[in-house]
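Below: one structure, written as structure tokens.
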Amino acid sequence: MSVHDTAEPNRRDFLYIATGAVGAVGAVSLAWPFIDQMNPDAATLALAEIDVDVSQVAEGQSITAKWRGKPVFIRQRTAREVEEAKAVDLGSLKDPIARNANLPSDADATDVNRAAEGKEQWLVMIGVCTHLGCIPLGQSGPYDGWFCPCHGSAYDTAGRIRQGPAPTNMAIPPFEFTSDTNIRIG
Amino acid sequence: MQWLDARLPLPRLMYDSFVAYPVPRNLNYAYTFGGILALFLGVQILTGIVLAMHYAANSAIAFDSVEKIMRDVNWGWMLRYMHANGASFFFIAVYVHIFRGLYYGSYKAPREILWILGVIIFLLMMATAFMGYVLPWGQMSFWGATVITGFFTAFPLIGDSIQQLLLGGFAVDNATLNRFFSLHYLLPFMIAGVVILHVWALHVAGQTNPTGVEVKSSKDTVPFTPHATIKDGFAMVVFLILFAYMIFYLPNYLGHADNYIEANPLKTPSHIVPEWYFLPFYAMLRAITFNIGPIDSKLGGVLVMFGSIIVLFFVPWLDTSRIRSTAFRPMYKIFFWILVADCIFLGWLGSKPAEGIYPALALAGTIYYFGHFLIVLPVLGLVETPRRLPGSITEAVLAKNGGGGAPVGAAAAPDTKG
């Protein structure tokens, strides 16, 4: 009859479990730095806010800023482009959500919700196709907006997905006009 | 030697595994690709180690350091072409090896673990090849990495965090290049470790052979050396001649011109294509263009692509046939070659742009691929009438050679090739 056959847990059982538990916690705590080192570091995160001077961007012109390693399209749209975007029936959109980080996550994808607040001719969006991350070409494709050459996704003049495999509208980053000629992204 | 053997039986292990080890006497040339793969793992590790002496894993200078290898480093052009084309030939060999296993039922009991280890090696090879392709930091490197890591964003909720964890930033950048280089250097040694387990498992169960009949007596086998050694060696030489031809006459045939343009994060090449050995999987990824219930098309494509490899893990249990070798399964033989054609067809579709009729064809090819493993394999094993099996390996060999009885264990003819 060995001591291990007793039904009652004894002090040795407790010690086994306690040692195992402490060991497991220790292993997990030690593993965390080895995993977390792969995440973006503070220097990378610090690049998460940029200022862009848009005083030179006339109507119908675009510039591309680089934010978090990704291109951000900043475009002062023509009146015709705004009209085209406003004329679209929301029911015909593939993705009816604005995808605007400055608005609630369920905002409709109307042109006003896609454009800069109070300055509807300005469109600021992350120029990355929502399919697999290619960079679409500006002012081309069947909807006069953007066209991704990789897999044929077409966006309209408000950067909304209209045709092709991309699932969502191009994302609007958090940004604000700090003055009439300066945009702060991030 | 005896002195060493008494203290560490390494000489005995080598002798038992690669000299005296009994191999079936009827192995054909399809069975030489295991040795070829071991050779190419060696080639890749050797050329890789010397290339790493000249390469710089920094996004500012990586592209130039590769050009410097090509132009300035003594023999650098040859070493790099050996490494780049070596990856392609590695995959040619592994695909022949995998289809050999499927044809001759090498995955069936008692070799399931052997097969699963092989699939793990295949996955590690794919990861290694993908990360290696990023290192030259050309346009295809950069955008290939963007698209492939973009797969992870398809997963709801956690997708974006996983992608940032892999990239070390919000887009492919220096942090990504550094970690890919580190892992690209590590993974081949992990492959080598799993290869040792793979060979170990092989030597426990013994090799299959074209008849699929287990070895029954010592008459069925010949010693590994000289028979298999010479045969493997001859196949290696022939394979290396093809390899040399590619290196010296068509070194960039399998590559993409776009990768000789330095990576530009603000400009996407018009047509992103992976290396040829990933094309069938790329075609399956793009075949899913519609939402399936709660799964959107993007996630669906990613799941199908990963599923196409995961399904291989279950092949030993999906195949219900008691007959090991396809040579004795007249119906399955047809389906096997349809599968081969289907994979080549998918590869061709993967190289085409995703427009017009191509996605529909890719969908058909994908459905057949999964249908083969999930429907044909289990059902056919139950309904098919196999041909009569030979009583033993020796009987099959003698019948083939008119009762000659000569020790023709290393006979060259792939005698049961379908």
Side-chain angles (χ1 to χ4, degrees), chain A residues 32 34-50 62-73 94-95 101 105 126-138 140-142 146-154 161 163-168 171 173 185-186, chain B residues 59 139 142-154 156 160-176 178-180 182-183 264-273 282 285-291 295-302 353-356 358-359:
Chain A
W32 176 244
F34 287 85
I35 296 168
D36 191 42
Q37 53 84 20
M38 288 177 69
N39 273 317
D41 58 26
T44 310
L45 294 172
L47 292 177
E49 192 173 279
I50 56 164
S62 308
I63 58 170
T64 302
K66 201 172 164 190
W67 177 65
R68 292 179 164 185
K70 293 174 182 170
V72 174
F73 296 152
K94 182 173 177 183
D95 177 21
S105 61
I126 297 174
V128 173
C129 179
T130 54
H131 182 226
L132 287 173
C134 298
I135 297 180
L137 306 169
S140 53
W146 283 265
F147 180 75
C148 181
C150 290
H151 303 109
S153 294
I161 179 68
Q163 183 183 314
T168 61
I185 303 170
Chain B
S59 59
Q139 276 285 68
F142 184 92
W143 291 101
T146 300
V147 168
I148 302 227
T149 54
F151 295 166
F152 292 94
T153 60
D160 287 323
S161 318
I162 293 180
Q163 194 201 22
Q164 286 173 20
L165 181 77
L166 293 174
L167 296 179
F170 302 103
V172 176
D173 208 340
N174 192 41
T176 319
N178 270 306
R179 66 191 53 188
F180 278 15
S182 169
L183 293 174
N264 178 356
L266 298 181
K267 188 176 184 309
T268 308
S270 58
H271 184 41
I272 297 181
V273 201
Y282 193 58
L285 168 81
R286 300 187 305 180
I288 309 299
T289 51
F290 46 85
N291 299 349
I295 301 169
D296 69 24
S297 55
K298 190 167 150 188
L299 179 60
V302 172
E355 58 194 34
Y358 297 125

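A note on names: the letters A, B, ... follow the listed sequences, proteins ahead of strands, and every chain is numbered from 1. Computed from a predicted model, the values in this text were never measured in an experiment.
Interface remark: of the candidates B/Pro359, B/Gly150, B/Ala171, B/Pro269, B/Ala171 forms the most heavy-atom pairs closer than 4.5 Å to chain A. Top candidate by heavy-atom pairs under 4.5 Å with chain A, chosen from B/Thr176, B/Leu165, B/Val147, is B/Leu165.
Of the inter-residue distances, the one linking B/Lys267 atom NZ with A/Leu137 atom CG reads 7.5 Å to the nearest 0.5 angstrom. Atoms CD and CZ, from B/Gln164 and A/Arg68 in turn, are 7.0 Å apart once rounded to the nearest 0.5 Å.
Using a 4.5 Å cut-off between heavy atoms, A/Pro167 contacts chain B through its side chain alone, with no backbone atom that close. Proximity to chain A is absent for every atom of B/Ile162, based on heavy atoms less than 4.5 angstrom apart.
Shown here for B/Thr146 and A/Gly133, the closest heavy-atom pair between the two residues is CG2-O, 3.7 Å. Contact detail for B/Pro265 and A/Gly69: the closest heavy-atom pair is CB-O, 4.5 Å. The two atoms that bring B/Phe170 and A/Lys70 nearest to each other are O-CE, 3.0 Å, heavy atoms only. Across all non-hydrogen atoms, the minimal contact from B/Arg179 to A/Gln37 is NH2-O, 4.2 Å. Nearest approach of A/Pro71 to B/Leu266, heavy atoms of both residues: CB-CD2, 3.5 Å.
Applying the disulfide bond (SG atoms under 2.5 Å apart) rule to A/Cys129 yields no partners; only residues at least two apart in sequence or on another chain are considered.
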Check the pair B/Trp143, A/Ile135 against side chain to side chain contact (heavy atoms under 4.5 Å, CB included), reporting the backbone distance first and the verdict last. CA-CA 10 Å; B/Trp143 291 101; A/Ile135 297 180; 3.4 Å; yes
